[in-house]
Asker: 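Questions regarding the structure given below will be posed in turn.
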Amino acid sequence: MQPSAKYLYYPGCSLKGTGIAYEESLLTTLRLLEVAVTELPDWNCCGATSYMSVSETSAALLATRNLALAQQAGMKDVLAPCNACYLTLRKSQELVAHYPEMAQEVERFLEQAGLPQLDSVRVRHPLEMLYTDIGVQRLRELTVRRLQGVRMASYYGCQAVRPYSEVDDPHEPTRMDEILRAVGVEPIDYTLKTKCCGGSLTGTIHEVGVRLNYILLKEALRKGAQAIVTICPLCQFNLDAYQAEIRKQTGEPIDMPVLYLTQVVGWALGGGFRELGLHRAISGKKLIEQWFTVKKEAETYV
Amino acid sequence: MSEPKNGEVRIGVYVCHCGANIADTVDVKAVAEYAASLPGVVVARDYKYMCSDPGQELIQEDIHNLSLNRVVVAACSPSLHENTFRGAAERAGLNPFFVQMVNIREHDSWVHSDREAATEKAKDLVRAAVRRVYFHKPLEKRRVPIHSEVLVVGGGIAGIHAALTVANSGKRVYLVEREPTIGGHMAQYDKTFPTLDCAACILTPKMSAVKAHPNITLWTYSEVVSVDGSVGDYKVVVKRKPRYVREDLCIGCLQCIDACVFKEAKFDDEFNLGLSKRKPIYIPFPQATPKVVVIDPEACIQLRTGKCKKTCLEACAERGAIDFEQQEIYEEIHVGSIIIATGYQTFDPRRLPQYGYGKYPNVYTTLEVERLVNASGPTGGQVITRDGRVPKSVGFILCVGSRDERTNRWCSRVCCMTSLKLAHLVKEHTGAEVFIFYIDMRAAGKGYEEFYQRVLNEGVHFVRGRVAEITDWAMDPSEEGKLVARVEDTNTGFVRRIPLDMVVLAVGIEPQSDALNVQRLFGIGCSMDGFFLEKHPKLAPAPTYTDGIFIAGVCQGPKDIPDSVMQAGYAAAEAIALADTGYFELEPNTAYIIEEECSGCKTCIPLCPYQAITFNEEKGKASINEVLCKGCGTCVAACPSGSIKQNLFEDEEIFSEIEGVLAYA
């Protein structure tokens with residue numbers, strides 16, 4: 001463990017699998033911001049979606065183990081980039097804080113596992129960290145490349161701002177827009193910012209999940225967005241992976257890059273194409289290459 | 001127990017049954033028998049209704065026949081009947097402050113079910129009172145004379161009605177309004193519910209009557225800046241802002257407005273809520289009272305830079321009413337009582353961004369739509385959207401900023417009826433399909449439910465459910481170019497998307513943003529929600545805790561026009577009664593200072609909520625104005641040297657009472 005690390009990074013399963021580009025771009029961005037970060041040792045599943053709906057207690061036990069590990073490591077801030085991880089960890093904290101039976105169960109479990117009791121660990125989302133700890137002004141100052149004239153729709157997904165409001169305002173989230181504007185991107189007025197992407201429905205009731213994706217993509221297109229920017233690996237995957245299928249079904253000419261916020265910010269700060277995981281995109285490849293390939297003479301330094 | 005200075009103490013104790021209210025839970029006979037055994041008690045009786053005439057006579061006879069000089073009544077709350085029993089004692093020749101009440105109803109029988117325990121508690125409370133009343137002293141009520149003039153603050157319908165009522169009784173009235181005209185919010189309405197009277201037609205005659213009344217001094221564009229004194233003799237300073245037009249010369253011909261160097265109206269028209277523009281020199285609306293133009297110093301070139309052609313001055317050359325040199329004037333007046341009717345502001349729906357107000361141009365507030373449907377409004381009575389279309393579908397969202405933990409908790413009381421009225425008017429003007437999204441429909445008022453039925457029969461759609469959001473996101477071609485209300489229809493159990501051309505937010509009512517300043521200025525209280533606090537929610541809803549200051553209209557809490565008028569009439573009646581009595585009787589339970597013991601530390605001065613304590617620099621001692629003192633006891637408790645005492649709450653009285661409660665016999 002680096003003694004200087006400021007945040008403890010909890011990747012969750014997505015950032016090591018389908019969402020690896022999120023991990024790559026997040027770590028690159030943090031490096032460029034000179035923010036020291038270290039990965040939570042021996043982390044386990046956060047207990048998201050299916051666990052939470054089948055057994056709330058089991059899910060909370062899984063989540064609190066991670067928090068107790070962070071506590072043991074002597075860290076205050078746990079960075080949980082995946083919206084589902086973020087929500088599950090936060091929700092578990094709330095369950096322990098407000099439901100004595102749950103608190104007892106968790107205490108017993110942590111004791112058996114030889115872990116410390118929960119105290120003051122804070123669960124943080126990278127968006128909130130970028131906005132409150134780094135600040136829009138600093139991001140603007142550190143920007144070396146601007147995607148001038150590119151219009152993007154900032155998309156939060158359903159979990160990041162609800163029910164907890166630390167990440168952004170639940171009704172009218174604007175922080176992502178402010179960050180995008182700071183690094184030179186033009187955010188569009190995207191009303192569907194916090195609507196569901198379909199989540200795991202794309203795997204279970206496929207046509208319902210794909211329909212929800214279609215609505216999000218179509219509205220972004222209608223409002224003139226050229227790309228969607230997300231902060232959730234499942235949202236990114238859903239919106240990115242089914243565009244070919246949607247094209248075939250609807251005949252709409254949708255081929256839109258679905259980027260992580262950290263990819264856009266990382267690029268603005270001077271990150272490289274591959275180290276930001278931009279080569280992993282499925283949809284909108286042409287635009288991605290056009291925007292993010294460094295051409296010596298064409299590159300605009302600020 | 002030490003002997004009181006005024007001879008032998010002879011106490012009578014009277015235990016009331018209050019029908020079954022007390023007697024069912026408390027063994028009143030046992031309490032009376034017990035009371036008879038206490039030291040100093042000469043007689044103890046129980047009676048079915050102590051407050052009745054025979055009950056009171058019982059006490060009076062005992063005072064005569066048994067030479068009682070103290071009376072303890074164990075009955076209901078003193079706020080209900082203390083005056084009754086004090087009056088009985090007084091009639092029998094006893095100083096009324098030798099009476100002490102014990103509340104064995106609200107504090108005992110109503111809140112307990114164990115008869116034996118409740119009886120024991122009643123005995124404890126009676127014992128405490130018997131010990132306390134032993135030390136009571138005779139006190140005298142003081143009277144202060146009352147000036148007959150009345151100040152009315154706020155020229156909306158409540159202020160107008162109060163001013164006219166007081167003036168008609170022959171008293172002199174000062175009506176102070178901070179806007180350039182009286183009329184308030186009611187002047188902005190098109191029609192009133194449920195009768196669909198033209199609001200202006202019923203309001204403007206009253207406005208003219210105010211202007212014409214020989215007993216009313218009307219000061220518009222003016223504000224109260226300081227209030228001193230107390231009931232009967234308030235000294236009030238009113239600031240009259242310069243309108244740069246002389247009220248005594250202007251005849252309201254409006255030629256100056258035509259002549260203004262601004263050929264086009266350019267500035268947001270406050271009266272039309274920014275839906276139309278006005279010039280720097282303007283009149284708020286055609287029937288404004290007084291009918292005198294006003295110049296906006298922020299917009300007028302002459303007032304801003306001094307470099308204008310002053311075409312308005314030329315136009316008015318004959319009368320010479322325009323005066324760019326006009327200054328603020330301060331007027332001092334003396335009044336006996338004050339009626340505050342400062343009104344309200346509507347909720348700013350930008351605080352609920354999900355409804356898109358300020359973001360989507362076709363989202364309106366109810367007040368804005370009032371102006372749209374009004375024939376003298378910004379569109380000449382045409383209901384058209386900001387992009388100039390006649391709406392084919394209009395949705396009203398109720399409870400915007402009302403009945404919501406996140407904004408204002410209270411029901412604003414008029415939004416349901418306002419929306420029903422506007423739904424009817426919009427339908428009449430446009431033939432549009434109208435939706436009302438509601439949580440409850442509240443139509444409690446004379447003729448209100450019938451009006452609701454009428455609008456139902458007109459084919460307005462009522463959807464029960466709180467709208468989640470207004471969005472411009474179109475899911476299918478029928479929604480393109482429209483606003484979409486996403487709402488859970490709780491009657492059918494489905495989430496619906498309803499495309500609309502115009503959305504109207506029935507915005508709630510909240511206190512004026514500067515209500516706290518007004519509250520401090522006049523030394524009155526605010527309830528939790530920020531509206532001014534009445535003395536009693538049921539029995540004194542216009543007086544405040546500050547004697548001689550009354551409240552009326554929505555500044556006291558949301559209400560519609562009839563209720564505002566009724567309360568204004570009531571406040572006026574109180575002010576008239578006060579003036580006609582000629583004096584005000586002060587409760588003697590005030591604090592007083594034993595001057596030789598006061599160290600002059602000034603601890604008490606900032607603590608007094610009624611600004612009743614001042615510092616006498618000459619003597620180096622604090623001094624209490626008994627007229628202002630409300631007997632709250634804060635200074636008494638805080639005084640480090642114990643030199644402040646309070647009538648009826650002397651140390652020996654309180655300590656004996658405590659000992660009495662604690663002493664198990």
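First the proteins, then the strands, lettered A, B, ... as listed; each starts at 1. Below, all heavy atoms of this structure are taken into account, side chains as well, without hydrogens, waters or symmetry copies.
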Asker: Which value, rounded to the nearest 0.5 Å, describes the distance between A/H171 atom NE2 and B/E469 atom CD?
Answerer: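 Nearest 0.5 Å value for the NE2-CD distance: 10.0 Å.
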Asker: Measure B/Y360 against the heavy atoms of chain A and call it side chain, backbone, both or neither at under 4.5 Å.
Answerer: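 It is the side chain, since no backbone atom gets that close.
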Asker: Can you tell me if B/Y452 has over 12 outside heavy atoms packed within less than 6.0 Å of its OH?
Answerer: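 Counting other residues, nucleotides and ligands, OH of B/Y452 exceeds 12 neighbours.
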Asker: I'd like to know whether CZ of B/R409 has more than 12 heavy-atom contacts from other residues, nucleotides or ligands below 6.0 angstrom.
Answerer: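 Count not over threshold, so no.
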Asker: With a 6.0 Å cut-off (strictly less than), is the heavy-atom count around CD of B/E298, excluding the residue itself, greater than 12?
Answerer: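 Atom CD in B/E298 is not crowded, with 12 or fewer foreign heavy atoms closer than 6.0 Å.
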Asker: I need the residue from A/T191, A/D169, A/L192 with the largest number of non-hydrogen atom pairs under 4.5 Å to chain B.
Answerer: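 Of the candidates given, the most pairs with chain B belong to A/L192.
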Asker: Please list all pairs meeting ring-ring contact (aromatic ring centres under 6.0 Å, His included) that have one or both residues in residues 393-420 of chain B, counting only residues at least two apart or in different chains.
Answerer: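 Passing the test, one end in residues 393-420 of chain B: B/W410-B/F531.
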Asker: Which distance, rounded to the nearest 0.5 Å, do you find between the NZ of A/K223 and the CH2 of B/W473?
Answerer: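 Atom-to-atom, A/K223:NZ and B/W473:CH2 are 11.0 Å apart.
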Asker: With a cut-off of 6.0 Å (strictly less than), are more than 12 heavy atoms of other residues, nucleotides or ligands near CZ of A/R211?
Answerer: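 Not more than 12 within 6.0 Å, no.
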Asker: Given side-chain contact (heavy atoms from CB on, under 4.5 Å), test B/D472 with A/E219 step by step and report yes or no.
Answerer: CA-CA 10 Å; B/D472 64 345; A/E219 178 65 10; 4.2 Å; yes
Asker: When you look at NZ of B/K266, are more than 12 heavy atoms from neighbouring residues, nucleotides or ligands closer to it than 6.0 Å?
Answerer: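 No, not enclosed.
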Asker: Using a heavy-atom cutoff of under 4.5 Å, enumerate the residues of residues 344-354 of chain B that contact chain A, numbered in order, or state 'none'.
Answerer: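 Residues in range: B/P353, B/Q354.
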